[in-house]
Amino acid sequence: MAEGRHYWLMKSEPNVFSLDDLAQAPKQTTAWDGVRNYQARNFMRTMKTGDQVLFYHSNAQPPCVMGVAEVVKPAYPDPTQFDPHDAHYDPASPTDQPRWDVVDIRFVRKFDVPLSLDLLRGQASLNGMELLRKGSRLSVQPVKPSEWNEILRLARTHRD
DNA sequence: GCCAACGTTGGC
DNA sequence: GCCAACGTTGGC
């Protein structure tokens, strides 16, 4: 495993943008726009090309880790913050020092079976994972290598 | 639809 | 700098 490659988890509501949407996007790539939380933004600013991302469906039934994406372009200003017609418009963001960033991510793979939040909560090895913390709302979060390995192992184990 | 657990805003 | 009010996230 390459040194310096980091692991992340990013949440999306599937009725807004699903992993299938990413797989069908041009070049299977999208700008991860609309993040308006400083902690999440700061994590995105530390992302590097090649970093691996768990793609999570929130507000889904059930909520699930769906598969894997990867960072293909590091942080740059989020254009939606300057668009008055966009839901994520931020009139307070200075144009010369934009407040919000995006990264570009590309589809890598979809798991054979989605890994539900329930299933993940049942894994003692995932104790302490940010996603599983009560009240956790962070939409971009770091994943430990051990957690990454465990989730990929579960993805291999749980098939039709 | 409910509501706990946040994060942000703004009066003081 | 405090903190009440408010808005949002997201599981259930």
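Predicted, not measured: the structure shown is a model, and the values here were computed from it. Naming convention: chains lettered A, B, ... in sequence-line order (proteins, then strands); numbering from 1 in each chain. All heavy atoms count here, side chains included; hydrogens, waters and symmetry mates do not.
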Path from [X] to [Y] over hydrophobic side-chain contacts below 4.5 Å:
X      : Y      : result
A:V53  : A:V143 : no
A:L138 : A:M47  : yes
A:L126 : A:Y7   : yes

Quiz item: Which one of A:M129, A:E147, A:E130 satisfies the side-chain contact (heavy atoms from CB on, under 4.5 Å) criterion with A:L9?
Solution: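 The side-chain contact (heavy atoms from CB on, under 4.5 Å) with A:L9 is passed solely by A:M129 among A:M129, A:E147, A:E130.
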Quiz item: Of A:V35, A:T30, A:D78, which meets side-chain contact (heavy atoms from CB on, under 4.5 Å) against A:V102?
Solution: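 Of the listed options, the one satisfying the test is A:D78.
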Between [N] atom [atom2] and [X] atom [atom1], what is the distance in whole Å?
X      : N      : atom1 : atom2 : value
A:D118 : C:dG11 : CG    : C1'   : 10 Å
A:W100 : B:dG7  : CH2   : P     : 12 Å
A:R133 : C:dT9  : CZ    : P     : 17 Å
A:L132 : C:dG10 : CG    : C1'   : 14 Å
A:M10  : C:dT9  : CE    : P     : 16 Å
A:N15  : C:dG11 : CG    : P     : 12 Å
A:R137 : C:dG7  : CZ    : P     : 14 Å
A:R121 : C:dG10 : CZ    : P     : 13 Å

For the side chain of [X], starting at C-beta, report the closest nucleotide among [options].
X      : options              : value
A:L117 : C:dC12, C:dG7, B:dT8 : C:dC12
A:Y56  : B:dG7, B:dC6, C:dG11 : C:dG11
A:N37  : B:dA5, B:dG7, C:dG11 : B:dG7

Quiz item: Without hydrogens or angle criteria, can the side chains of A:R36 and A:T80 be said to hold a donor-acceptor pair below 3.5 Å?
Solution: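 Distance-only check passes for A:R36 and A:T80.
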Quiz item: OP1 or OP2 of C:dT9 sitting under 4.0 Å from any side-chain N/O of A:K11?
Solution: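 False: A:K11 side-chain N/O out of range (4.0 Å or more) of C:dT9 OP1/OP2.
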Self-check item: Distance test, side-chain N/O of A:K134 to OP1/OP2 of B:dA4, below 4.0 Å
Solution: no
Quiz item: In terms of ring plane angle, is the pair A:H6 and A:W8 parallel, tilted or perpendicular, where the classes change at 30° and 60°?
Solution: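 Aromatic pair A:H6/A:W8 classed tilted.
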Practice problem: Kindly compute the distance separating OG (A:S139) from CD (A:Q39), expressed to the nearest 0.5 Å. | Solution: 9.5 Å
Self-check item: Sugar-phosphate, base or nothing in reach of A:R36, heavy atoms under 4.0 Å
Solution: nothing
Quiz item: In residues 57-68 of chain A, which ones come under 4.0 Å of DNA chain C, going by heavy atoms?
Solution: A:S58, A:N59, A:P63
Quiz prompt | End axis versus end axis in the helix from B:dG1-C:dC12 to B:dC12-C:dG1, the angle rounded to 10°, five pairs used at each terminus | solution = 10°
Quiz item: So, A:W100 versus A:Y38, ring centres under 6.0 angstrom or not?
Solution: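 A:W100 vs A:Y38: aromatic centres under 6.0 Å.
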